[in-house]
J.: 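Dumping the structure here so I can ask a few things about it.
Along the sequence shown, the residues carry numbers beginning at 1. Just so you know, these numbers use all the heavy atoms, side chains as well, and skip hydrogens, waters and symmetry mates.
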Amino acid sequence: MANDIRICDKCKHINVKKMVPKLEQMAPDTEIKVACKSYCGPCSRFAFVFINGRYITATTEDEAIEKASKYVKK
């Protein structure tokens, strides 16, 4: 089953150009959707990944990716 992974291109705590390749490596054959998620409160304070219906927040983008990896559908 395909994964649904989304990140915000307006988030101040992630670098989209660095994060997308890391997410693609974590979940190959998944289309990463990059756009505003209207999650501005937490987005202004944390890095986050929306994966398969869950918002995962963390202090850094690498930590957010590590937490999100538990929710990748194989």
J.: Taking side-chain contact (heavy atoms from CB on, under 4.5 Å) as the test, write out the residues that go with N52, two or more places apart.
T.: N3, D4, K73

J.: How far apart are the closest heavy atoms of F50 and F48, and which atoms are they?
T.: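 Heavy atoms only, the tightest pair is N-CD1, 4.0 Å.
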
J.: Rounded to the nearest 0.5 Å, how far does CZ of R6 lie from CD of E31?
T.: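 Nearest 0.5 Å value for the CD-CZ distance: 10.0 Å.
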
J.: Among Ile, Leu, Val, Met, Phe, Trp and Tyr joined by side-chain contacts under 4.5 Å, find the other residues sharing a cluster with V34 and list them by chain and number.
T.: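 ILVMFWY cluster around V34 also holds I5, I7, I14, V16, M19, V20, L23, M26, I32, V49, I51, I56, I65, Y71, V72.
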
J.: Quick one: which residue pairs count as a side-chain hydrogen bond (donor to acceptor under 3.5 Å, both in side chains) with a foot in residues 8-25, not counting sequence neighbours?
T.: K22-D62

J.: So which atom in C36 and which in C8 form the shortest heavy-atom distance, rounded to 0.1 Å?
T.: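 Nearest pair, atom of C36 first, then C8: CA-SG, 3.7 Å.
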
J.: At their closest point, which heavy atom of A58 faces which heavy atom of A64, and how far apart are they?
T.: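 That would be CB-N, 3.4 Å.
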
J.: If the condition is side-chain contact (heavy atoms from CB on, under 4.5 Å), which residues does K70 pass it with, not counting sequence neighbours?
T.: none

J.: Suppose we screen for ring-ring contact (aromatic ring centres under 6.0 Å, His included). Which residues come up paired with F46, at least two apart in sequence or across chains?
T.: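 If we apply the ring-ring contact (aromatic ring centres under 6.0 Å, His included) test to F46, skipping adjacent residues, there are no hits.
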
